[in-house]
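A note on names: the letters A, B, ... follow the listed sequences, proteins ahead of strands, and every chain is numbered from 1. Given the structure is predicted, the values throughout are model-derived calculations rather than measurements.
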Amino acid sequence: MLDRRLVREEPEKIRQALDKRGYEFDLDTLIATEAQRRELLKAVESRRAEKNELSEQIGDTMRTGGAAALKERSTQIGIELAALEQELDEAEERFDQMMAELPNIPLDEVPIGESEQDNVVMYEMGEPPKFDFAPRPHWEIGEQLGILDFQGAARMAGARFVTDVGAGATLERALINFMLDTHTRKHGYTEVFPPYLANERSLFGTANLPKFEEDLFKTTDGYYLIPTAEVPLTNMHQDEILNAEQLPIYYAAYTACFRREAGAAGKDTRGMVRVHQFHKVELMKFIKPEQGSEELEKLVKDAEVILQALELPYRRTQLCTGDMGFQPQQTFDLEVYCPGLDRWLEISSCSQYGDFQARRCNTRYRPQPQAKPEFVHTMNGSGVAAGRTLLAILENYQQESGTVVIPEVLRPYMGGMAEILPEIP
RNA sequence: GGAGAGGUGGCCGAGCGGCUGAAGGCGGUCGCCUGCUAAGCGACUAUGGGGGUAUAAGCCCCCAUCGAGGGUUCGAAUCCCUCCCUCUCCGCCA
């Protein structure tokens, strides 16, 4: 959420941001609503002041009698007030609703563009493997080895699910452990193991609500399944005032992530590219405003370390204004090359939000011990997505015989296993 | 799930219809005192919003906020209702 003062004082800044994003939004109505809201507020407050004044007088007059006329007058004002208050409430609700659906303002350095086509590839790392056979997609490799079960998952749950079996399950767990260990032991993150369900307020905090409800699973009790650990992590300090010395705070969490993929019908339907439940290690930071870009850069590098250690070919892109999500000021993606799919696959998305989420979560800090609290800034990124990494390993490390070599760094996490051979059922 | 207790400022805690935006304490800031330190004394010390003045800060007025929402009343932290959360006991349970 943006600072409401921007609407009044610098609406052009918002208008420019919307233009850059190519985002449809009725800014003029928002501005008009804000003006109307303030007019009503003034009217309401002056009547309340009058009423308070009368009540005080009534208190004083009670003993000597003769408060009846004052009471009468006060009741009259009360009636006027009730009508005005209702108008104000309505204006406020309209305003809040629109504010909640206004996207963040991209940083100046974000490339301007309309779509994915305009994203900027910053660099590529690692060499795609060379095969003297046609590399196969991960679902073929996985099913043949008996380590990925799509049919079974479809029967027990439905389309867009996968079950890891045997060495497949061990491999995904190894990836998770390797990632968590690296981030907590080498990069200074505090490990967090949060709930997988969150309440409406928390989803609002990360701005998944109200605008993106159709992407989420909701329980009959009104909980939401988290679409990413970003949700619990960003809400760890709701309504708190942190000390300046605590910042920056680094959190790393492994969680399952649940997405309805409602808008993705027909897209990536095969394999485990796009599933309703996937697993991911997430990195998240609470920082002081001035630490923004520098900390994001470190976060991206922390994620890259994982891909480098796994010796997977990847590239880093910067998303253009048109392709960036609703919440970020700036986003960098890491994409891993998958020979079987013959495409670059997003495996991490690292974004900084400024105070956009902190304002919604009401997470503040005191710059100085006595100073007024200010909103912290937040950022997060995958470090990295385990399911897609597993997929990438299968495709990059596949052998002509159908087996898959296990990356060096993962072997200690797999009881020394060096190669995945067919599971014997 | 059942029974009970409770949610008040940065923290602890009093208040149970007007004199309470909130006693008292802790913590903090400034000043006094003091050979140093400790102790002591005094003043100040919630947040958000609207307006005025000034526009470097500041100063003044008003409104709201005592878990959230609603109600009673001229007037609610205080009374009533609903919901949320915490704690204790019982039940169930990986």
- [ ] Begin from the C-alpha positions of A:Arg37 and A:Glu34 and carry the test salt bridge (Lys or Arg N to Asp or Glu O under 4.0 Å) through to its verdict.
- [x] CA-CA 5 Å; A:Arg37 189 188 69 83; A:Glu34 164 63 358; 2.8 Å; yes
TODO: Decide yes or no on salt bridge (Lys or Arg N to Asp or Glu O under 4.0 Å) for A:Glu53 and A:Arg48, but give the supporting numbers first.
DONE: CA-CA 8 Å; A:Glu53 173 73 18; A:Arg48 279 194 215 168; over 6 Å; no
- [ ] Any chance you could lay out the side-chain contact (heavy atoms from CB on, under 4.5 Å) test for A:Arg73 and A:Glu50, step after step, and finish with the verdict?
- [x] CA-CA 10 Å; A:Arg73 174 91 189 104; A:Glu50 208 179 328; 2.9 Å; yes
- [ ] Start with the C-alpha gap between A:Gln308 and A:Tyr314, add the side-chain angles, then the distance that decides, and say whether side-chain hydrogen bond (donor to acceptor under 3.5 Å, both in side chains) holds.
- [x] CA-CA 9 Å; A:Gln308 287 162 10; A:Tyr314 71 93; 2.8 Å; yes
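Side-chain polar atoms of A:Lys280 and A:Thr228 form a donor-acceptor pair below 3.5 angstrom.
Across all strands shown, B:rG40 forms a Watson-Crick or G-U wobble pair with B:rC32, both key distances being under 3.5 Å. Base pairing of B:rG9 is not made with any nucleotide, judged by Watson-Crick or G-U wobble geometry with both donor-acceptor distances under 3.5 Å. In a base pair of the Watson-Crick type (N1 to N3 plus N6-O4 or O6-N4) or a G-U wobble (N1-O2 and O6-N3), with each distance short of 3.5 Å, B:rA22 is matched with no nucleotide. Remark: B:rA77 base-pairs with no nucleotide; criterion is Watson-Crick or G-U wobble with both hydrogen-bond distances under 3.5 Å. Nucleotide B:rC89: paired with B:rG2 (Watson-Crick or G-U wobble, both distances less than 3.5 Å). Shown here, B:rU72 forms no base pair; nothing in the strands shown gives a Watson-Crick or G-U wobble contact with both key distances under 3.5 Å. Of all nucleotides present, only B:rG58 satisfies the Watson-Crick or G-U wobble test against B:rU53, with each distance under 3.5 Å. Pairing for B:rU65 is with B:rA46, a Watson-Crick or G-U wobble pair whose two hydrogen-bonding atom distances lie under 3.5 Å.
Taking only side-chain nitrogens and oxygens, A:Asn52 comes nearer than 4.0 Å to OP1 or OP2 of B:rC63. Applying the 4.0 Å criterion to OP1 and OP2 of B:rG75, one finds that A:Lys51 has a side-chain N or O inside that range. Proximity of A:Arg4 to the phosphate of B:rG48: no side-chain N or O atom is located under 4.0 Å from OP1 or OP2. When the side-chain nitrogen and oxygen atoms of A:Arg8 are compared with OP1 and OP2 of B:rG49, none of them lie within a distance under 4.0 Å.
One atom, CG of A:Asn243, and another, P of B:rG27, lie 17 Å apart when rounded to the nearest Å. In this structure, CD of A:Glu39 is placed 13 Å from P of B:rG50, rounded to the nearest angstrom. Distance, A:Glu200 CD to B:rC83 P: 18 Å, rounded to whole Å. One atom, CD1 of A:Ile77, and another, C1' of B:rC63, lie 15 Å apart when rounded to the nearest Å. Between A:Leu81 atom CG and B:rC74 atom P the separation is 14 Å, expressed in whole Å. One atom, OH of A:Tyr365, and another, P of B:rG10, lie 18 Å apart when rounded to the nearest Å. Remark: P of B:rC63 and CG of A:Leu84 are 16 Å apart, rounded to the nearest angstrom. Separating the CD atom of A:Glu374 from the P atom of B:rG10 is a distance of 17 Å, rounded to the nearest angstrom.
Counting any heavy atom pair closer than 4.0 Å across all strands shown, A:Arg73 reaches no nucleic acid atom. A:Ser74 comes within 4.0 angstrom of sugar-phosphate atoms only, judged by non-hydrogen atoms across all strands, and of no base. Residue-level contact check: A:Leu41 touches the backbone only, with heavy atoms under 4.0 Å from sugar-phosphate atoms and none from bases.
Comparing A:Ala49 and A:Glu34, the nucleotide of RNA chain B nearest to each residue sits closer to the 5' end for A:Glu34. In terms of position along RNA chain B, the nucleotide closest to A:Glu56 lies nearer the 5' end than the nucleotide closest to the other residue of the pair A:Asp89 and A:Glu56.
Residues A:Pro106 and A:Met324 have side chains in contact (heavy-atom distance under 4.5 Å, counting atoms from C-beta outward).
Look at the C1' atom in both B:rA22 and B:rC66: the space between them is 8 Å, to the nearest Å. To the nearest whole angstrom, the two P atoms, one in B:rG49 and one in B:rC36, are 45 Å apart. Taking the P atoms as reference points, B:rA38 lies 14 Å from B:rC30, given to the whole Å. Spacing between B:rU47 and B:rG42 at atom P, rounded to whole Å, works out to 25 Å. B:rU53 and B:rA43 have their P atoms separated by 35 Å, with the value rounded to a whole Å. On the C1' atoms, B:rG4 is 15 Å away from B:rG91, given to the nearest whole Å. Spacing of P atoms, B:rU86 relative to B:rA77, comes out at 26 Å, to the nearest Å. Here, B:rA23 and B:rU78 have their C1' atoms 15 Å apart, quoted to the whole Å.
Looking at A:Glu45, its side chain comes within 3.5 Å of the base of B:rG49 through a donor and an acceptor atom.
With respect to the salt-bridge test (charged N to carboxylate O, under 4.0 angstrom), the residues A:Asp96 and A:Arg4 qualify.
A:Tyr365 pairs in a side chain to side chain contact (heavy atoms under 4.5 Å, CB included) with only one of the listed residues (A:Ile287, A:Val376, A:Asn243, A:Ile249), which is A:Val376.
With B:rU47, B:rG50, B:rC63 as the choices, the nucleotide that has an atom nearest any side-chain atom of A:Arg48 turns out to be B:rC63.
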